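We're numbering straight along the sequence, starting at 1. Note that the structure is a prediction, hence the values are computed from the model and not measured.
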Amino acid sequence: MLSLGQLISWGLVYYTFPLFVVPMTEELGWSRSGMFGALSAGLLVAGLCSIPVGAWIDRGHGRKLMTGGSVAAAALLLGWSRADSLPAFYAIWIGLGACQAVLLYEPAFAVITRVYGPRYKQAILLMTFVGGLASTFGIPFTQFLIEHIGWRPALMVLAAINLGVGLLLHWPFVPGPREEAVPIAEVKPARDSGPRRHPLATAVRVPAFWGLVVAFAGYGLAFSAMSFHLIPLLDDRHVPTGVIMAIIALIGPMQVVGRVLLMVGQRHITTIQLGAGIYFAFPISMAMLAMGIHEVYGLILFAIIYGVANGLVTILRGMAVPEFIGPEGYGVVSGALTMPTNVMRAAGPVVASLAWAAFGGYTPVLWGLAAIMLVAAMGFAAAAMLSNRPS
């Protein structure tokens with residue numbers, strides 16, 4: 001049920017924003033940059049909320065948070081359907097950013113670890129497999145609604161569905177504070193008799209924590225920049241529109257393919273091996289674009305490499321925390337890692353736009369993103385090497 005909630009929340013709250021840009025600019029006369037600024041503001045708020053959200057889930061309040069997030073998202077989508085001023089639109093998206101902080105993968109992973117304990121890996125794999133279909137479900141469904149009933153009524157339909165997610169999925173099935181958490185692993189007793197540290201205070205003293213900050217924050221910036229600039233990049237290279245749409249459509253299924261392959265071979269692949277493959281693939285895919293590929297077969301190869309790696313990095317984020325840092329306080333520690341990731345995700349489109357304007361093209365931007373992912377890869381390598389060393 002939680003995986004189904006992820007499918008709907010990602011599909012209807014996160015992925016659908018670009019579909020409303022054109023009809024809203026045509027009706028309201030807003031600039032696209034102004035609208036995407038609201039999206040960036042929402043992503044920034046989502047990042048800032050991640051630590052308190054993780055802490056609350058660790059205390060057993062996942063049911064209230066996820067139910068409240070779905071209900072609030074429904075109310076905000078309804079408000080969006082009546083928006084007629086840009087400041088109100090910004091306020092709505094700041095609220096939706098806070099809702100995403102309690103609805104998407106990171107809070108769901110924190111709930112999963114409380115319920116499944118040492119079996120959390122299998123549960124996260126299943127959840128991300130279902131969630132990987134979110135864009136495949138959400139984008140065509142929402143586009144159908146916009147084309148047939150208009151963007152404002154479409155948002156009303158999305159609001160009703162999200163209300164159903166909260167009341168029918170999250171409230172009945174997400175555990176409450178009275179249900180005992182299943183430990184991921186045995187927690188080592190403290191060496192001294194002094195006061196016990198908060199899990200986040202302990203985590204930041206582990207060198208691997210800071211390696212993961214670099215790894216995931218670098219990914220967040222590069223992923224966000226690619227998400228919003230891939231279409232104009234390919235258009236600048238005069239790639240036909242049909243080919244561009246086909247390449248974009250291929251990336252989503254490739255994420256699912258990567259997760260299926262991992263489900264099949266999970267017993268033979270360690271977290272370190274998984275991360276090494278991901279952080280090797282990302283700079284390679286961006287370097288391919290930087291070298292100017294524009295033919296169909298080269299772009300298909302890019303979509304396969306980038307899509308598979310992007311699908312697997314979500315699973316890596318869920319697995320690396322307990323393995324590299326420790327089993328205590330999964331929610332708050334994961335939230336602390338998510339905050340810089342989401343801040344960089346909010347900055348990605350803006351940074352790429354400024355770099356494009358400064359350099360007069362996308363090629364230097366792509367080489368820069370490849371370099372950022374190499375730095376992120378070094379962060380992951382450092383986290384892997386330092387994960388078993390005492391702090």
Side-chain angles (χ1 to χ4, degrees), residues 17-18 32-33 36-37 39-44 46-47 210-239 243-244 247-248 250-251 254-255 275-295 298-314 316-317 337-384:
F17 180 92
R32 293 193 180 192
S33 60
F36 277 107
L39 174 65
S40 292
L43 291 173
L44 180 61
W210 298 104
L212 291 179
V213 167
V214 173
F216 295 147
Y219 160 76
L221 190 148
F223 165 74
S224 183
M226 290 289 290
S227 296
F228 292 105
H229 287 273
L230 184 57
I231 292 176
L233 183 159
L234 296 177
D235 186 62
D236 280 0
R237 294 180 178 176
H238 307 293
V239 177
V243 174
I244 295 175
I247 296 302
I248 298 298
L250 181 61
I251 291 174
M254 286 301 102
Q255 295 183 44
I278 290 169
Y279 281 98
F280 176 76
F282 271 128
I284 291 296
S285 64
M286 292 169 189
M288 289 173 63
L289 287 181
M291 288 186 289
I293 62 166
H294 59 276
E295 297 179 354
L299 291 172
I300 289 174
L301 180 60
F302 157 79
I304 292 172
I305 296 173
Y306 179 78
V308 169
N310 198 51
L312 293 176
V313 76
T314 304
L316 181 68
R317 292 207 314 267
L337 288 171
T338 300
M339 183 174 68
T341 302
N342 281 355
V343 169
M344 289 297 100
R345 197 175 281 177
V350 178
V351 170
S353 294
L354 293 175
W356 173 82
F359 293 106
Y362 275 111
T363 298
V365 178
L366 290 165
W367 282 119
L369 294 177
I372 288 170
M373 287 309 302
L374 286 175
V375 173
M378 288 188 283
F380 181 82

Drop me the distance from Leu312's CG to Arg317's CZ, to the nearest 0.5 angstrom. 12.0 Å

Distance from Leu230 atom CG to Ile251 atom CD1, nearest 0.5 Å? 5.5 Å

If every non-hydrogen atom of Ala222 is compared with every non-hydrogen atom of Met286, which pair is closest and at what distance? CB-CE, 3.7 Å

If I compare all heavy atoms of Tyr279 with all of Ala215, which pair ends up nearest, and what's the gap? OH-O, 2.9 Å

Quick one: does Tyr219's side chain have a donor or acceptor within less than 3.5 Å of a partner on Phe282's backbone? no

How many angstroms lie between CD1 in Ile284 and CG in Leu289, if you round to the nearest 0.5 Å? 12.0 Å

Minimum heavy-atom separation for Val239 to Leu299, with atom names? CG1-CD1, 4.1 Å

Just so I know, are the side chains of Leu233 and Val365 near enough to count as touching, which here means a heavy-atom distance under 4.5 Å? no

Closest heavy-atom pair, Trp367 versus Ala287, reported as atoms and distance to 0.1 Å, is CZ3-CB, 3.9 Å

Minimum heavy-atom distance Ala376-Gly218, with the two atoms named: CB-CA, 4.2 Å

With side chains defined as the heavy atoms from C-beta onward, is the minimum distance between Trp356 and His229 less than 4.5 Å? no

Just so I know, are the side chains of Leu301 and Ile293 near enough to count as touching, which here means a heavy-atom distance under 4.5 Å? no

So, taking the atom named CD in Gln255 and the one named CG in Leu250, what distance separates them when rounded to the nearest 0.5 Å? 10.5 Å

Under a 4.5 Å cut-off applied to non-hydrogen side-chain atoms, are Phe216 and Leu316 in contact? yes

Any idea which heavy atoms bring Leu366 and Arg237 closest together, and the distance? CD1-NH2, 3.6 Å

How long is the gap from CD1 on Ile372 to CG on Leu221, to the nearest 0.5 Å? 5.0 Å

Please check if the number of heavy atoms outside Phe280 that lie under 6.0 Å from its CZ is greater than 12. no

Do Tyr306 and Met226 have side chains that approach each other closer than 4.5 Å (heavy atoms only, starting at C-beta)? yes

I need the Leu44 CG to Asn342 CG distance, nearest 0.5 Å. 9.0 Å

If you define the side chain from C-beta out and look only at heavy atoms, does anything of Leu337 sit under 4.5 Å from Val213? yes

